[in-house]
Amino acid sequence: MTSAPATESVRERWESEYHQLPPSGPSAGPRPLSRVLDGEAPYRFVGRERETSEFVELVRSNRLIVFHAESGAGKSSLLDMSLFGRLFDMGYAVLPCRSWESLGDQDPEAFLTSEFLKADLLHPAVIDELDAGLGLMSALDELYGLEERAVIILDQFEELIRNRRPRVFNRVVDWILEVNKSREVKIVISMRSEYQHRLARLIKAARPFSTAYFELPVMQDAKSIERVVASANSGSSTAIEEDAVAAFMEQWTHRHEAGDHLTLLAVQASLYSLHDLARARSVSEDSAVTVTVADVEKLWDEAADLAGETGVGFDLFGYAFNHAIEVRLSHCMEACA
């Protein structure tokens with residue numbers, strides 16, 4: 001175990017140890033993709049070119065955009081791996097916030113100011129204006145307002161609803177309306193689709209012709225899913241054999257044609273589990289870590305055995321998802337040790 005400075009917290013030490021553990025494979029597993037964790041593995045983010053272009057066009061022509069998708073569709077991944085970079089390249093100041101635990105009774109603008117400062121997202125000129133006593137929205141308008149080039153992205157916005165504190169949620173909505181009506185800063189609200197109806201008051205009261213909805217569809221075409229499965233082969237070595245890709249797609253297609261709704265997150269979790277099986281096999285066989293048909297069949301057999309033991313219907317992707325979580329938990333425990 002590496003030595004840690006005395007000033008590091010237990011959590012910081014644990015995170016340091018966790019990220020130093022050898023990866024199970026090239027797949028990210030059941031989590032959103034991000035530039036921080038996946039910047040060195042950009043192949044993990046596949047497709048969504050059309051959705052990226054459509055979203056950027058909505059940002060250019062609107063002040064308030066509700067970006068929604070069902071859980072597991074890849075909404076946060078699209079934001080972090082594609083949309084942030086595209087907007088930044090177009091000259092936008094992109095200011096994301098997706099952590100709401102510490103909001104409490106704070107003024108929303110004061111809270112966001114603190115979050116953006118901690119994340120080092122603000123231009124030095126904006127910080128100078130803040131130091132001089134100007135508010136965040138005024139400072140952003142002063143630097144970016146004439147060209148409307150500042151975008152605040154409020155990700156995982158459903159957390160403000162799920163905490164069952166309507167007073168906090170309503171205060172944030174009122175602040176968004178104030179910004180929408182009196183400022184040049186654009187705001188994107190990113191949330192799960194099942195909560196979007198809670199924004200009815202906001203959309204109704206917003207500045208006329210300034211709002212738009214954008215729904216990210218679940219990736220359900222076989223060609224795109226196959227690109228995701230084979231994407232790990234973008235590196236110098238073969239991470240999954242062609243026959244294994246075909247075997248995986250056979251299972252996915254069977255479930256898809258049966259009417260099952262498989263999210264991108266389920267596919268990512270399944271690939272993570274397969275790469276973990278391949279890694280374990282490679283140790284015993286002293287071979288390269290490459291997913292083979294045998295690994296797909298092993299995952300299938302384990303899922304079938306569990307279904308037989310429990311009497312629950314056979315679910316390859318559900319079993320793979322649980323397997324991926326177990327692997328992650330074992331890594332957490334290893335880092336704790």
Side-chain angles (χ1 to χ4, degrees), residues 1-2 4 8-48 51-52 67 69 71-89 94-101 115-116 118-121 153-157 159 188 190 192 216 219 227-237 239-240 263-276 278-279 289 291 320-336:
M1 182 177 292
T2 58
E8 277 193 327
S9 67
V10 173
R11 175 178 176 177
E12 289 171 333
R13 292 170 59 193
W14 175 85
E15 289 178 342
S16 176
E17 295 294 336
Y18 181 83
H19 290 302
Q20 290 182 50
L21 292 174
S24 295
S27 181
R31 63 163 174 81
L33 302 178
S34 71
R35 290 166 296 172
V36 173
L37 297 178
D38 306 289
E40 296 182 359
Y43 60 81
R44 290 174 178 168
F45 183 76
V46 176
R48 301 299 197 186
E51 289 87 351
T52 298
F67 176 40
S71 179
K75 172 174 49 60
S76 292
S77 298
L78 178 64
L79 282 171
D80 213 317
M81 296 294 286
S82 181
L83 296 177
F84 291 172
R86 179 73 68 86
L87 290 170
F88 183 80
D89 290 343
V94 184
L95 305 173
C97 176
R98 57 169 52 106
S99 177
W100 302 100
E101 293 87 353
E115 292 295 304
F116 296 154
K118 286 191 295 185
D120 194 24
L121 295 175
I153 299 180
L154 308 179
D155 194 14
Q156 298 179 3
F157 199 73
E159 294 300 324
V188 174
S190 177
R192 294 182 184 180
L216 180 67
M219 189 180 289
R227 286 179 62 193
V228 172
V229 177
S231 64
N233 291 335
S234 301
S236 57
S237 60
I240 180 168
T263 65
L264 187 60
L265 200 65
V267 173
Q268 291 174 338
S270 300
L271 294 174
Y272 186 86
S273 296
L274 286 172
H275 285 294
D276 181 70
R279 183 174 63 89
V289 183
V291 175
F321 201 106
N322 291 337
H323 178 93
I325 297 300
E326 289 178 359
V327 173
R328 283 288 173 80
L329 288 174
S330 70
H331 285 176
C332 291
M333 294 176 66
E334 187 176 349
C336 287

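In what follows, residues are counted from 1 in the order of the sequence shown.
Atom CG of Leu154 is separated from atom CD of Glu159 by 13.0 Å, given to the nearest 0.5 angstrom. Note: Leu216 CG to Leu264 CG = 9.5 Å, rounded to the nearest 0.5 Å. Between the OG atom in Ser82 and the CZ atom in Phe84 there is a gap of 10.5 Å [rounded to 0.5 Å]. For the atom pair CG (Leu83) and CZ (Phe88), the distance works out to 15.0 Å, reported to the nearest 0.5 Å.
The shortest side-chain heavy-atom distance between Met219 and Val228 falls under the 4.5 Å cut-off. Here the side chains of Ser190 and Leu79 are in contact, with some heavy-atom distance below 4.5 Å. At a threshold of 4.5 Å between non-hydrogen side-chain atoms, the residues Gln268 and Leu265 count as touching. Taking 4.5 Å as the limit, every side-chain heavy atom of Ile153 sits out of range of all side-chain heavy atoms of Phe67.
Checked by atom type and distance alone, the side chain of Arg35 pairs as donor or acceptor with a backbone atom of Asp80 at under 3.5 Å. Side-chain N or O atoms of Ser77 include one that pairs as donor or acceptor with a backbone N or O of Leu33 at under 3.5 Å. The backbone N or O of Arg48 sits less than 3.5 Å from a side-chain atom of Thr52, completing a donor-acceptor pair.
For Thr263, there are no side-chain hydrogen bond (donor to acceptor under 3.5 Å, both in side chains) partners at least two apart in sequence or on another chain. For Arg31, the salt bridge (charged side-chain N to carboxylate O under 4.0 Å, His left out) test picks out Asp38, with sequence neighbours left out.
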**Item:** Evaluation steps, salt bridge (Lys or Arg N to Asp or Glu O under 4.0 Å), between Asp89 and Arg86
**Value:** CA-CA 5 Å; Asp89 290 343; Arg86 179 73 68 86; over 6 Å; no
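Between Ser76 and Gln156, the shortest heavy-atom distance links the atoms OG-NE2, 4.1 Å. Scanning both residues, His275 and Ser27, for their nearest heavy atoms gives CD2-CB, 3.7 Å. Pairing each heavy atom of Pro42 with each of Met81, the nearest pair is CA-CE, 4.4 Å. The nearest pair of heavy atoms linking Arg44 to Ser231 is CA-OG, 4.5 Å. Closest of all the heavy-atom pairs between Pro30 and Phe321 is CB-CZ, 3.7 Å. Closest approach of Leu95 to Leu121, counting heavy atoms only: CD2-O, 3.5 Å.
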